[in-house]
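Nothing here was measured: the structure is a model prediction, and the numbers come from that model.
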Amino acid sequence: MTGDFSPYMLFRRGTLGLPALRGLVPERFWALRDEVEEAARRRAPLGEKLADALYAAVPLSATEHRRELLTIRRAVHNDRMPPPPSRPDLLPGPVRGLLDEWCAERAAADALAATVDEVLATELTEGRHALAEVARGEDFQRGVQLSGEDVYREVMAYAANPLETRRKASRTRRAESTVTSFAYRVALKPSPFGAFTEIGAGPWEPGPTTAVRRTQVRLSVGMVMWMLHQLHRIDGADDLLRVRLNNSLSVRDGRAVFVRRPIEGSEDGFEPDKVVVARHTDLVRVLTAALGAGDLTVTELCGRLAAAGLPEASARDTVEKLIRLGLCHRGLGLPDQTTDLAGEAAVRLRRLGTPQAVTCAEILERLRAIERTYGAASARRRTDLLAQLRALVHRFAEVCGGQPPAPEALRAALYEDVGTTGRPGTWRPQVLAANQDNLDLLQRLVPVLDDATIEKVGLYGFFVRQFGATAQVPLVEVYRRFAELPPAEASAVMCGVADPTAKTVHGLREDFFGLLRSRLAAEPAAEQLVLDPAELTAFVDRLPPAVAPWPSAAYRVQFDAGSGTAVVNGMTTGRGVFFSRFCDLLEPEDGDGWSLAAALRRHVARTGPRQTDITVVLGMNFNLHPRLSPLELVYPGSVPAPDSPATLTLADLTVRADPEGHRLVLVSGRDGQPIDLVPLNFLYPAAAPMLYRFLCVFAPTRTYRGGLWDQLDRADGPYVGPRPRLLLGDLVLDRRSWRFDVDDLPDLARLERYEAQGLADFDGWRRSVGLPRQVFFRLVPPRAVPHGERNLLAETRQWALEARSARLHKPHYLDMRNPFLTHVFAKQARALRGGSVAIHECLPRAADQDGATGAEEFFVEFNRGVSDVG
């Protein structure tokens with residue numbers, strides 16, 4: 001099988017480098033501690049010799065002196081300073097010489113140890129000043145602001161004076177932990193988060209270019225959608241707002257069938273989607289005739305209804321009921337992918353011209369001005385802009401006669417991405433090119449471990465039981481049958497319970513785990529385990545068609561210069577999905593030069609001519625992107641861009657079974673051909689409405705989680721002892737890793753208090769269990785279901801709980817000799833009730849990250865059976 005990479009790559013890097021954080025490790029303290037330990041090692045043989053001599057001297061001494069000799073011997077044995085002998089001749093000369101020598105070394109060590117606390121206190125103060133200096137950085141402040149104004153204020157107070165004694169100690173420690181956590185995240189674990197991270201992209205073989213920084217700021221789509229929903233209350237709203245027919249509507253057997261999507265921005269916005277089946281009445285026929293060619297204003301639709309015979313007095317109430325029912329949608333008619341939602345809405349409001357409409361337009365224009373000026377503003381100025389924004393949103397609600405939004409709704413009122421036209425410094429495409437066969441092999445193997453494989457065959461089995469293996473059924477009808485299942489039965493379907501094909505997949509998964517276990521048993525002490533490609537090939541060659549290879553996968557990788565390897569941090573959907581979000585950010589400003597959007601659009605058109613995006617934003621900015629796919633499925637209630645070609649709706653789609661692959665296939669009613677559904681959204685399905693989640697079963701996977709060791713742990717339970725680094729060719733599939741029950745960790749309370757002995761004990765524990773000094777850790781809460789089992793509802797609840805505190809469950813860097821980092825570790829670990837902590841080696845090594853900017857991580861796509869790089 002041939003394959004190649006998509007002709008583009010994307011990278012992200014932190015805007016803060018590790019050199020700015022060097023002052024946080026108390027080097028003099030640890031040097032002293034090392035001297036103290038070295039002194040203890042030096043005097044240990046002398047102490048043993050002295051203890052033996054004292055032991056021999058006891059029976060030779062007078063009875064009244066033996067207790068004193070035993071006291072001296074016990075102190076020496078416990079490495080404590082003994083009391084001086086009560087008489088000069090108590091000990092024989094040679095023994096007394098040994099005692100004097102040992103006591104001198106012990107006294108020198110005590111003198112050295114006496115300075116440890118003082119040195120640590122001094123270096124902690126120096127470290128706090130270093131942290132404050134980091135917090136005063138403009139990029140750092142801008143990034144913190146996106147986490148909320150309360151966090152920003154606390155950090156700024158700390159930056160102004162980290163040693164302020166009038167501030168509560170708990171608030172100081174909290175601010176200190178916040179700065180520490182953010183700083184190391186920026187330096188070593190970059191992810192898109194405002195000014196903390198720069199995003200760049202380029203062709204596979206990038207050429208020289210001038211580095212120019214760009215900032216893209218957008219108002220929260222969810223916030224603006226909430227505001228626009230309030231417009232139905234203003235004077236003249238019926239001449240402003242437009243009504244469109246639910247695009248999922250179809251008529252079958254004299255019944256009108258459609259999917260009701262909750263009204264975005266309304267009180268029922270979090271209600272589940274549901275299929276509505278109603279009589280195909282004359283009213284439905286009138287609506288279809290009136291709205292079939294496009295939307296109408298509320299006033300225009302009321303006129304059409306009245307002309308069709310509906311009493312004028314009840315037309316308005318009828319339209320309102322149709323909207324609540326979900327048969328019609330009301331709004332400004334702006335496309336979902338509109339990037340200037342506030343500006344476009346303001347134009348329409350000014351055109352309406354009523355006093356309320358003009359006031360609302362002015363507010364939206366001022367919000368748009370904040371959006372346009374925020375990117376160039378200093379962090380201090382941004383504080384004022386955010387305060388103005390909140391006041392404007394509250395004023396808008398007041399003008400419309402509604403309640404203001406909850407405070408948490410305005411917590412992320414603006415989204416910022418920072419792009420660069422520069423090139424990365426650690427890009428090593430030759431390492432990836434040399435491992436194409438290994439990537440191909442990995443994409444054949446991973447479907448065995450991917451829960452989406454189980455979901456697909458489970459839904460296939462459900463379909464065949466409901467409709468038969470040869471039926472072609474409207475998609476909405478399949479969704480209706482599935483949505484009517486009790487939650488436990490729906491979970492059983494998606495988990496493949498009692499499905500023979502799912503059982504086969506589980507058996508194959510266990511076979512692979514057996515292969516891993518045998519390799520671990522054969523090399524129990526190995527630090528590195530290299531998978532045999534021939535052995536894996538023999539395994540994947542016997543996989544059935546139901547376990548289909550991933551045709552395209554996106555990899556998050558870093559390059560380790562020391563070993564010449566590519567470290568795989570994650571593997572997920574390919575097909576351009578995780579590149580789409582940044583197309584607008586990285587588009588050439590002058591329209592000339594390399595374009596990520598153009599490269600992606602060409603690649604998708606050539607390799608996936610039936611690739612179909614889902615047009616829906618769901619109030620989330622990370623779902624905004626330009627049109628990139630040849631086809632487009634318009635979600636119920638969503639609006640495509642004007643004159644969008646090749647748009648489909650749910651009503652256009654049918655489902656048929658593929659008995660060979662045990663999969664379901666979506667077929668377009670427009671041409672009778674299958675479509676290739678690939679939502680170009682960053683939305684994880686577990687966070688989405690049920691209809692969206694259902695559609696994602698027809699799409700490439702999003703559910704493969706973690707590396708191979710994580711997969712094995714989910715089957716067997718948490719391991720005890722280290723796991724080796726796992727390689728396939730030059731690809732590091734898993735770092736060396738360890739896992740410990742939180743309850744088995746050493747005393748963490750002393751780390752929270754920055755105690756010298758607590759730090760020393762923790763470092764000693766680290767060495768005793770064989771941990772490197774610099775690692776990443778991740779807290780693992782207790783499982784919702786037993787190991788080796790699945791429960792979709794429990795997994796969804798677990799996902800939602802972890803999403804609320806995502807920063808706590810992501811990998812965190814930990815230098816075990818950095819008291820600020822060990823404080824963060826101790827605080828988080830002590831807050832976890834039960835569960836464990838997973839620890840992974842820091843690879844690439846932190847020592848190699850010595851630049852002014854942080855670590856670089858790359859997104860690349862490998863496509864099986866495709867050759868497209870060039």
*Kindly determine whether Phe140 and Phe196 satisfy ring pair (Phe, Tyr, Trp, His ring centres under 6.0 Å), including the steps that lead there.*
CA-CA 6 Å; Phe140 192 87; Phe196 282 160; 5.4 Å; yes

_Short side-chain to backbone donor-acceptor contact, Glu856 and Gly425, under 3.5 Å_ = yes

_Can you tell whether the side chains of Arg725 and Glu527 come within less than 4.0 Å, N to carboxylate O?_
no

*When Glu37 is tested against each of Arg42, Arg767, Arg43 for salt bridge (Lys or Arg N to Asp or Glu O under 4.0 Å), which residue passes?*
Arg767

*Search all heavy atoms of Val134 against all heavy atoms of Ala20 and return the closest pair with its distance.*
CG2-O, 3.8 Å

*asked:* Check this for me, if you would: do Arg739 and Asp713 make a salt bridge, where the nitrogen-to-carboxylate-oxygen distance has to be below 4.0 angstrom?
replied: yes

*Before accepting this row, confirm whether a basic side-chain N of the pair Glu510/Arg517 lies closer than 4.0 Å to the acidic partner's carboxylate O.*
yes

Which side-chain N or O atoms in residues 815-822 pair as donor and acceptor under 3.5 Å with protein atoms at least two apart or in another chain?
from: Asp815; atom 1: OD1; to: Arg773; atom 2: NE; distance (Å): 2.8
from: Asp815; atom 1: OD1; to: Arg817; atom 2: N; distance (Å): 2.9
from: Asp815; atom 1: OD2; to: Arg773; atom 2: NH2; distance (Å): 3.1
from: Arg817; atom 1: NE; to: Asp763; atom 2: OD2; distance (Å): 3.3
from: Arg817; atom 1: NH1; to: Asp34; atom 2: OD2; distance (Å): 3.4
from: Arg817; atom 1: NH2; to: Asp34; atom 2: OD1; distance (Å): 3.0
from: Arg817; atom 1: NH2; to: Asp763; atom 2: OD2; distance (Å): 3.2
from: Asn818; atom 1: OD1; to: Phe820; atom 2: N; distance (Å): 2.9
from: Asn818; atom 1: OD1; to: Leu821; atom 2: N; distance (Å): 3.2
from: Asn818; atom 1: ND2; to: Tyr184; atom 2: OH; distance (Å): 2.9
from: Thr822; atom 1: OG1; to: Asn818; atom 2: O; distance (Å): 3.3
from: Thr822; atom 1: OG1; to: Pro819; atom 2: O; distance (Å): 3.1

*Lys189 NZ/CZ over Phe776 ring centroid, <6.0 Å and within 45° of normal*: yes

*Where the side chain of Asp747 meets the backbone of Ala749, is there a donor-acceptor pair that is under 3.5 Å apart?*
yes

*Aromatic ring proximity Phe859/Phe11, centre distance under 6.0 Å*: no

*Show the numbers, then the answer: is there a side chain to side chain donor-acceptor pair (under 3.5 Å) between Arg28 and Thr122?*
CA-CA 10 Å; Arg28 299 193 300 280; Thr122 298; 5.6 Å; no

_Regarding Glu198 and Arg12, does a basic nitrogen lie under 4.0 Å from an acidic carboxylate oxygen?_
no

_Any salt bridge linking Glu176 with Arg128? Criterion: basic side-chain nitrogen under 4.0 Å from a carboxylate oxygen._
yes

*asked:* Side chains of Ile72 and Leu54, heavy atoms from C-beta outward: is any pair under 4.5 Å?
replied: yes

*Does the side chain of Arg167 come under 3.5 Å of the side chain of Thr172 through a donor N or O and an acceptor N or O?*
yes

*asked:* I'd like to check the side-chain contact (heavy atoms from CB on, under 4.5 Å) partners of Asp743; sequence neighbours left out, ordered by chain and number.
replied: none

*asked:* Could you check whether any side-chain heavy atom of Cys103 comes within less than 4.5 Å of a side-chain heavy atom of Pro82, counting everything from C-beta outward?
replied: yes

*Between Phe512 and Phe539, is the ring centre distance below 6.0 Å?*
yes

